[in-house]
Amino acid sequence: MKRIFAVPGIRIGAWVPFLLVGLIACSSPGEVEQSTQTNVRVSGNTITWNTEEPALTAVGYRYPDSDIWNVAYPSPNLRRDKAFVTNHSVTLMRPQEGDKILVVLVNRLASQRDFLTGEEFEVELTSGPPTGPLLRWTMVDVGFGDSHFLRMPNSGKTILVDGGERQDFSNVDEFLKSESVTSLDYVMATHIHADHIGGLVGNSDSVSDGILGVYDVGMYIDTVIKSHTRFAYDEALATLANRGIPKANIQVGDNSDTTELLDWDEEVYVEILNAGGGAAIGGTSEGDQLNNDSIMFRVTMGEVNFIMGGDSEAPVETKVTAEFGEALESEVLKVHHHGVNDASNTGFLQAVNPRVGMIPIASFETSDGGLPTFAVVNRLRASGIDVYSNDRAEPIGIDFVTTTSPTDGLNITLVTNGDLYEIEVAPSRSFHSLKGGTMPVLKGQNPEDFREGDQ
Ligand SMILES: [Zn+2]
């Protein structure tokens with residue numbers, strides 16, 4: 001895995017190190033174009049600084065012996081309007097008192113599209129983090145497909161949303177084992193396409209493999225009105241019956257107060273925005289209609305919200321935007337349909353107004369590196385949304401692209417205590433199968449390309 005700081009890199013200008021115990025040279029600082037960060041201060045767990053130009057900012061940090069990067073964002077209270085400002089303050093949520101960490105400040109200037117970083121420097125923290133139980137959502141690296149693991153802050157309940165393709169059962173299984181998960185309170189399939197439901201039933205047509213065939217599952221959450229029932233859905237039903245796993249349906253409007261199915265944690269509120277009925281919502285092909293069956297839901301803990309919705313395409317996004325409007329506003333959005341250009345429409349992005357976009361895709365597992373599409377990635381960037389996928393993490397300017405090694409995927413995790421949130425970028429151990437037998441040359445270079453079919 002290679003790490004390359006953003007180009008152009010910008011040196012920290014006339015700053016005054018305070019409680020900084022050392023400096024570590026940036027790996028590729030580039031040319032000094034201008035001074036951008038000034039008055040950098042570290043007090044307790046909070047880092048403050050100024051930029052000459054208004055900017056969106058974040059703080060990347062890691063432990064010296066760790067290959068896991070964390071990106072801490074300003075509190076939602078400070079960035080509710082996602083305003084570009086010159087005075088910045090970010091409180092780190094997890095490092096403990098006395099911890100020594102390596103820090104890099106990230107500034108996205110209003111006048112420029114690129115992310116600009118300063119030099120990495122070491123900080124010894126003088127006080128512990130804000131306390132509080134943590135909610136975790138991991139976008140598990142399944143290469144091509146969706147699989148999301150949620151762990152609730154107080155109840156400890158575990159929820160798996162989708163399981164990747166059939167061949168990804170082993171990837172999801174390995175991830176869950178690494179999290180010491182032996183049972184799942186809920187399994188939800190957003191819709192029945194093979195890259196979402198496949199890993200739930202596994203490689204064979206047996207009822208004894210896949211997540212549903214192996215793990216103890218408390219409840220399978222389903223939808224009522226499906227546009228079509230094909231692919232592995234029959235096998236999923238057979239597996240549920242064979243193992244005695246109960247199944248229950250949710251629908252639009254259901255939330256944590258109205259149904260036990262969504263009563264995941266005393267501090268977490270879940271609401272369903274879309275669920276089934278894709279054929280009536282829109283889409284010209286069966287594939288489109290199945291995508292528009294996707295369950296879309298919003299999760300809230302304190303001040304932090306996130307939305308995920310399978311492969312919902314523009315018709316669902318338009319419908320949800322009309323129904324919920326500004327109430328959709330969330331810090332983090334799971335970018336729908338793997339970054340295909342038939343989703344992530346502008347109106348929806350404006351309503352959600354996220355700071356972070358998580359795209360479940362690794363470009364090297366697409367047929368020609370065409371996902372996420374250039375158009376979608378650029379739309380996200382232009383909207384001030386930081387892009388993370390299973391092979392890239394843009395905000396800290398670190399290039400994780402691995403066109404020569406498909407063993408280098410990423411698990412991306414949102415961690416929040418309801419006040420602050422961080423994105424964790426960790427190497428995955430997932431196996432990737434290359435589509436089309438060749439490695440893509442460069443991803444995101446073909447503006448209109450997207451794959452048709454069972455996505
Ligand atoms: Zn999909």
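Just so you know, ligand 1 is whichever comes first in the structure, and atom 1 is the first atom listed for that ligand.
Look at His338 and the Zn ion (ligand 1): an N/O/S atom of the residue is under 2.8 Å from the metal. Look at Asp195 and the Zn ion (ligand 1): an N/O/S atom of the residue is under 2.8 Å from the metal. For His196, the nearest N, O or S atom to the Zn ion (ligand 1) falls under 2.8 Å.
A salt bridge links Arg166 with Glu235: the closest approach of a Lys/Arg side-chain nitrogen to an acidic carboxylate oxygen falls below 4.0 angstrom.
Taking the six-membered ring for Trp and the full ring otherwise, the centers of Phe306 and Trp137 sit less than 6.0 Å from each other. Ring centroid separation for the pair His196 and His148 does not come in under the 6.0 Å cut-off.
Its N, O or S atom nearest to the Zn ion (ligand 1) is what matters here, and for Asp311 that atom is OD2.
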**OP:** Let me see the working for His432 and Phe144 under ring pair (Phe, Tyr, Trp, His ring centres under 6.0 Å), right down to the final yes or no.
**Re:** CA-CA 9 Å; His432 299 94; Phe144 189 107; over 10 Å; no
